[in-house]
Amino acid sequence: MFKLLTCFFMFWVGSSADQYTNPIALKAPDPWMVYYNGYYYLVATTWSNDIGIRKASKLSGLKDVENTVVHTIDGRVMWAPEIHLIDGRWYLFYCACAADTEGNRCHRNHVVQSASDDPMGPYTFMADFVDDTNDVEELDPSYIIINDQQYLLGSYFGKTQNLYIRPMANPYTPTGPKYLLSSPTYDWEKEGSTVNEGPEPLYHDGRVFVVYSASACRTANYTLGLLEFVGTDPLNSTHWEKYPEPVFQRSEENHVYGPGHNGFFKSPRWNGGLDRLPRQLG
Ligand SMILES: *[C@@H]1O[C@H](CO)[C@@H](O)[C@H](O)[C@H]1NC(C)=O
Ligand SMILES: *[C@@H]1O[C@H](CO)[C@@H](O)[C@H](O)[C@H]1NC(C)=O
């Protein structure tokens, strides 16, 4: 059961321009945010069958707005939603258990599609991403585009909890099974549980990274690690390099505990700099 607990800690890399204070929103585990046409949109785990979005013109306004339900799933225990704008529509990826499954390890990844470029929907159900060649629990879906090819990212249960990457024709059509992207190897990926989850794409200067969460999300040592695509085949895990140290981690001094399951968004005031990212990124 513990392995299935999703993450209650939230952590943001944000601009300091707006006068916000942390936490920027309550009851928002596994946060994912975008800034689009003048508004911030925040989605987060609800543990129910509703997927909601909070919309505000300022970061500090997110605290006061209600979740607007944009989709009610045929299932339960919704975790880790993310919205991605691809070819003019929003794709809302999430994981949930089918209505007729009970017990542990019932999560699978799914996607719904918006009718227009409005992140508030309405959304239409498009796909269950069940992998018939390896049907195990999958969670934490995300999406990455590398050299014009699209891929679904996620976490799954093998001998340990790993990251996967799966080739896609479009956000709702897989063209093959999932491939192993990363397994926990360092001690800092094994505290409490042996876990890699919450993969998030990050692009900079033509380089492609995946930031992911490691160790047990219920512990203060839940942490963020980094992969960089260094080869030619994204489906081959040896073409990704794992950085030996976490990129964000617990800090007693700064009162930061369990920084994990993050998201990235570009601030409207973003100036092209990434001075808060780790030194290794140059
Ligand atoms: C977690 O981090 C703390 C402080 O950084 C460390 O002392 C501890 O050994 C780590 N591991 C566990 C399992 O708590
Ligand atoms: C993965 O990449 C390595 C290094 O390029 C190569 O030796 C290996 O054959 C590749 N594996 C697959 C399944 O393509």
Side-chain angles (χ1 to χ4, degrees), residues 3 80 82 84 86-87 91 93 95 105 107-111 127-191 193-215 223-248 260-262 264 274 277-282:
K3 277 191 179 157
E82 294 188 2
H84 295 256
I86 299 161
D87 294 335
Y91 290 89
F93 298 90
C95 65
R105 308 209 166 168
H107 282 79
R108 297 294 183 275
N109 289 328
H110 315 271
V111 67
D128 291 323
F129 295 122
V130 174
D131 178 353
D132 291 329
T133 66
N134 182 12
D135 184 14
V136 292
E137 174 158 57
E138 295 183 7
L139 61 158
D140 295 353
S142 190
Y143 212 66
I144 192 168
I145 299 175
I146 305 174
N147 297 331
D148 292 326
Q149 296 294 308
Q150 304 184 20
Y151 303 90
L152 182 71
L153 297 173
S155 178
Y156 75 101
F157 284 81
K159 283 181 188 152
T160 58
Q161 195 185 329
N162 307 317
L163 299 181
Y164 74 79
I165 182 165
R166 190 169 182 187
M168 305 290 285
N170 57 44
Y172 47 91
T173 314
T175 56
K178 59 179 171 285
Y179 290 75
L180 175 70
L181 175 60
S182 164
S183 295
T185 46
Y186 293 108
D187 288 348
W188 53 266
E189 299 175 283
K190 298 177 180 175
E191 295 198 356
S193 304
T194 305
V195 172
N196 280 178
E197 62 184 11
E200 305 299 348
L202 185 63
Y203 311 95
H204 184 60
D205 265 355
R207 295 163 71 183
V208 178
F209 304 91
V210 168
V211 175
Y212 64 96
S213 303
S215 290
T223 194
L224 293 179
L226 185 68
L227 300 170
E228 180 170 3
F229 181 54
V230 291
T232 51
D233 181 6
L235 300 176
N236 184 329
S237 62
T238 70
H239 291 210
W240 293 82
E241 181 187 321
K242 184 187 287 186
Y243 283 56
E245 302 289 336
V247 287
F248 288 103
H261 206 145
N262 72 305
F264 292 102
L274 279 177
L277 282 178
R279 274 194 304 279
Q280 296 100 304
L281 299 185

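Everything numeric in this text was worked out from a predicted model, so none of it was measured. Every number for a ligand or one of its atoms is a count from 1 in the order of the listing.
Around ligand 2, the residues contributing at least one heavy atom under 4.0 Å from the ligand are N236, T238, H239.
Of the candidates L152, L202, L153, I144 forms a side chain to side chain contact (heavy atoms under 4.5 Å, CB included) with just one, namely L153.
Look at K242 and E189 and you find a salt bridge, because one of the NZ, NE, NH1 or NH2 atoms lies within 4.0 Å of a carboxylate O, short of that distance.
Y91 and Y143 have their aromatic ring centers separated by at least 6.0 angstrom. For F209 and H204, the gap between ring centers reaches or exceeds 6.0 Å.
If you check the side chains of S142 and D140, you find no donor sitting under 3.5 Å from an acceptor.
In D87, the CG atom is not crowded: 12 or fewer heavy atoms of neighbouring residues, nucleotides or ligands sit closer than 6.0 Å.
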